[in-house]
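Here the structure is laid out as structure tokens; the discussion comes afterwards.
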Amino acid sequence: MIRVGIAGVGFMGMVHYLCYRDLPGVEVVAIADRHPERLAGDWTAIRGNFGPPGEQMDLAGVASYASPEEMIADTSVDLIDICLPPAQHMRVTTAALAAGKHVFCEKPMALSLGDCDRMLAAADAANRQLLIGHVLPYFPEYAWALREVRGGGHGRVLGASFKRVVADPEWVAQFWEADVVGGPMLDLHVHDAHFIRLTLGDPTEVTTRGLMRGDLPEHWHTLMEFGASRERLTVEATSGVLRQQGRQFVHGFEIRFERTTLAFEFLVQGESAGYTCPPTVYCDAGEATTVDLGNADPMQAFHAELSDVAASIESGRPADALSGVLARDAIGLCERQSECLRRSIARSEAPS
């Protein structure tokens with residue numbers, strides 16, 4: 001039995017709790033949160049953009065703590081599941097690892113590459129697993145793309161484009177504070193940065209152009225090149241925030257192979273949400289075949305992710321989609337893009 005303690009009972013902490021309840025061999029034995037009503041089971045105020053609304057929870061048998069540090073000291077806990085704001089990830093992760101716990105930490109891994117390195121070093125020193133919650137590879141469209149890239153049946157990947165854009169998230173407190181949430185680069189685009197790293201490797205060159213809001217990237221386009229070893233594979237990524245609130249969210253990809261192209265796009269606009277391009281295979285012969293990927297409920301993706309967390313702990317072999325090293329590389333890729341964008345804007349604003 002894997003005994004889990006959840007640090008942070010907001011929307012994501014609730015999602016994890018609900019998924020763990022359905023997993024055999026896993027039990028949530030503790031929670032930590034600064035809100036007394038949540039420790040008492042009143043989760044009715046919790047809301048998210050998918051999944052069930054919060055409700056009154058029966059937490060009989062679940063220990064409650066006012067701080068993650070108190071929960072980390074609980075010897076009955078095997079795995080600390082961190083759903084805290086990103087600025088707290090490094091501190092709580094390293095404390096949990098030092099106490100001999102395994103750690104599953106929600107994305108982004110941390111707000112800087114240096115903090116990611118400290119987390120990985122702590123995992124190595126403690127001989128414990130550090131798993132990072134990048135759920136995107138578990139969504140049906142991205143799981144499909146990952147299978148097809150790795151399967152090789154479409155031939156070599158020639159190029160790809162990824163899109164992930166949201167309306168200005170006014171509902172996220174401190175979203176634009178670099179030392180708390182990190183803005184759209186670390187809260188939004190890190191999903192695609194991680195998926196690109198997982199499927200295609202680490203780019204050798206990165207060129208980013210776009211707009212800044214203060215010191216944080218606001219909306220940008222990036223061209224990534226993968227060097228001679230990948231026959232000059234290029235990937236384009238568009239991401240960030242639009243101030244016009246009429247389109248709440250759009251994401252999608254096109255992945256071009258030697259013989260086919262895989263594509264999809266999903267849009268949330270007003271009260272409408274759905275595919276503008278369902279998962280589709282475009283073939284050399286001129287055919288366009290829509291692929292039925294089954295249940296698209298995001299809760300199923302989190303359930304699959306946490307199933308892999310449990311399997312990783314039980315087997316001692318971390319699932320590659322949850323790798324701390326890959327999550328660290330995704331933060332590094334985000335930092336490279338941010339720095340390139342800052343340099344390009346500084347050059348454009350420099351006096352001639």
Side-chain angles (χ1 to χ4, degrees), residues 2 4-23 26 28 31-33 46 48-51 68 77-94 96-97 101-111 115-116 119-120 122-123 128-140 142-143 146 164 172 181-182 185-199 251 297-314 317-331 333-334:
I2 300 171
V4 179
I6 298 176
V9 186
F11 173 63
M12 195 52 60
M14 182 182 75
V15 167
H16 287 192
Y17 176 82
L18 294 173
C19 291
Y20 283 129
R21 288 198 310 188
D22 295 334
L23 290 179
V26 178
V28 176
I31 59 172
D33 197 272
I46 298 175
N49 56 356
F50 65 86
V77 176
D78 306 309
L79 170 68
I80 301 293
D81 181 318
I82 298 175
C83 297
L84 298 164
Q88 300 181 42
H89 286 182
M90 190 275 289
R91 173 180 59 82
V92 177
T93 292
T94 54
L97 291 166
K101 317 294 188 185
H102 298 291
V103 171
F104 174 59
C105 179
E106 261 299 323
K107 71 85 198 168
M109 183 174 180
L111 293 177
D115 278 355
C116 293
M119 292 162 74
L120 289 170
R128 290 294 183 267
Q129 289 192 44
L130 170 58
L131 308 172
I132 307 299
H134 278 282
V135 74
L136 196 66
Y138 297 91
F139 276 76
Y142 292 86
L146 181 59
R164 186 169 308 275
V172 179
V181 175
M185 183 66 80
L186 292 180
D187 191 66
L188 180 72
H189 172 67
V190 72
H191 282 295
D192 289 319
H194 176 266
F195 191 76
I196 290 165
R197 173 65 182 85
L198 176 66
T199 53
H251 77 157
D297 181 358
M299 290 295 291
Q300 295 300 313
F302 283 95
H303 191 279
E305 178 188 47
L306 292 175
S307 294
D308 262 7
V309 169
S312 297
I313 300 301
E314 289 172 347
R317 297 186 300 274
D320 58 353
L322 304 174
S323 161
V325 173
L326 261 64
R328 178 258 187 211
D329 290 350
I331 297 296
L333 180 52
C334 288

Would you say that [X] contacts [Y] through its side chain, given a criterion of any heavy-atom pair below 4.5 Å between the two side chains?
X	Y	result
Cys334	His189	yes
Leu146	Leu198	yes
Leu322	His134	no
Leu186	Val181	no
Val92	Val103	no
Tyr17	Ile6	yes
Leu333	Asp329	no
Met12	Phe302	yes

TODO: Test Leu130 against Met109 for side-chain contact (heavy atoms from CB on, under 4.5 Å), laying out the working first.
DONE: CA-CA 10 Å; Leu130 170 58; Met109 183 174 180; 3.8 Å; yes

Side-chain ([X]) to main-chain ([Y]) donor-acceptor, under 3.5 angstrom:
X	Y	result
Thr93	Met119	no
His89	Pro108	yes
Lys107	Ala327	no

Open item on the list: Centroid separation under 6.0 Å, is that true for the rings of His251 and Tyr142?
Closed with: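 Ring-ring flag for Tyr142/His251: true, centres closer than 6.0 Å.
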
Task: Rounded distance [0.5 Å steps], OG1 in Thr94 versus CG in Leu120 - done: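 Separation between the atoms: 12.0 Å.
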
Open item on the list: To the nearest 0.5 Å, what is the distance between NE2 on His194 and OG1 on Thr199?
Closed with: 10.0 Å

Using every non-hydrogen atom in the two residues, find where [X] and [Y] come nearest and quote the distance to one decimal.
X	Y	answer
Gln129	Ile313	NE2-CA, 3.7 Å
Ile2	Ala310	CD1-O, 3.6 Å
Pro318	Leu131	CB-CD2, 3.7 Å
Cys116	Ala110	SG-CB, 3.9 Å
Ala330	Val190	CB-CG2, 4.2 Å
Cys83	Gly8	CB-O, 3.5 Å

- [ ] Inspect the contact between Asp115 and Arg91 and indicate whether a charged nitrogen and a carboxylate oxygen are less than 4.0 angstrom apart.
- [x] no

Listing request: all salt bridge (charged side-chain N to carboxylate O under 4.0 Å, His left out) pairs with a residue in [range], at least two apart in sequence or in separate chains.
range	result
residues 5-20	none
residues 130-140	none
residues 304-313	none

Task: Partner set under salt bridge (charged side-chain N to carboxylate O under 4.0 Å, His left out) for Asp81, not counting sequence neighbours - done: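 Scan of Asp81 (salt bridge (charged side-chain N to carboxylate O under 4.0 Å, His left out), adjacent residues dropped) gives none.
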
Task: Residues forming a salt bridge (charged side-chain N to carboxylate O under 4.0 Å, His left out) with Arg128, sequence neighbours excluded - done: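 Arg128 satisfies salt bridge (charged side-chain N to carboxylate O under 4.0 Å, His left out) with no other residue.
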
Open item on the list: Apply side-chain contact (heavy atoms from CB on, under 4.5 Å) to residues Leu79 and Phe104 and explain how you reach the verdict.
Closed with: CA-CA 7 Å; Leu79 170 68; Phe104 174 59; 4.1 Å; yes

TODO: Test Tyr20 against Leu306 for side-chain contact (heavy atoms from CB on, under 4.5 Å), laying out the working first.
DONE: CA-CA 7 Å; Tyr20 283 129; Leu306 292 175; 3.6 Å; yes

Open item on the list: I'd like to know whether Leu23 forms a side-chain contact (heavy atoms from CB on, under 4.5 Å) with His303, so could you lay out the CA-CA distance, the side-chain angles of the two residues, the decisive distance to 0.1 Å, and finally the verdict.
Closed with: CA-CA 8 Å; Leu23 290 179; His303 191 279; 3.5 Å; yes

TODO: With sequence neighbours excluded, tell me which residues meet side-chain contact (heavy atoms from CB on, under 4.5 Å) with Leu18.
DONE: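 Checked Leu18 against side-chain contact (heavy atoms from CB on, under 4.5 Å); matches are Met14, Arg21, Pro52, Met57, Met299.
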
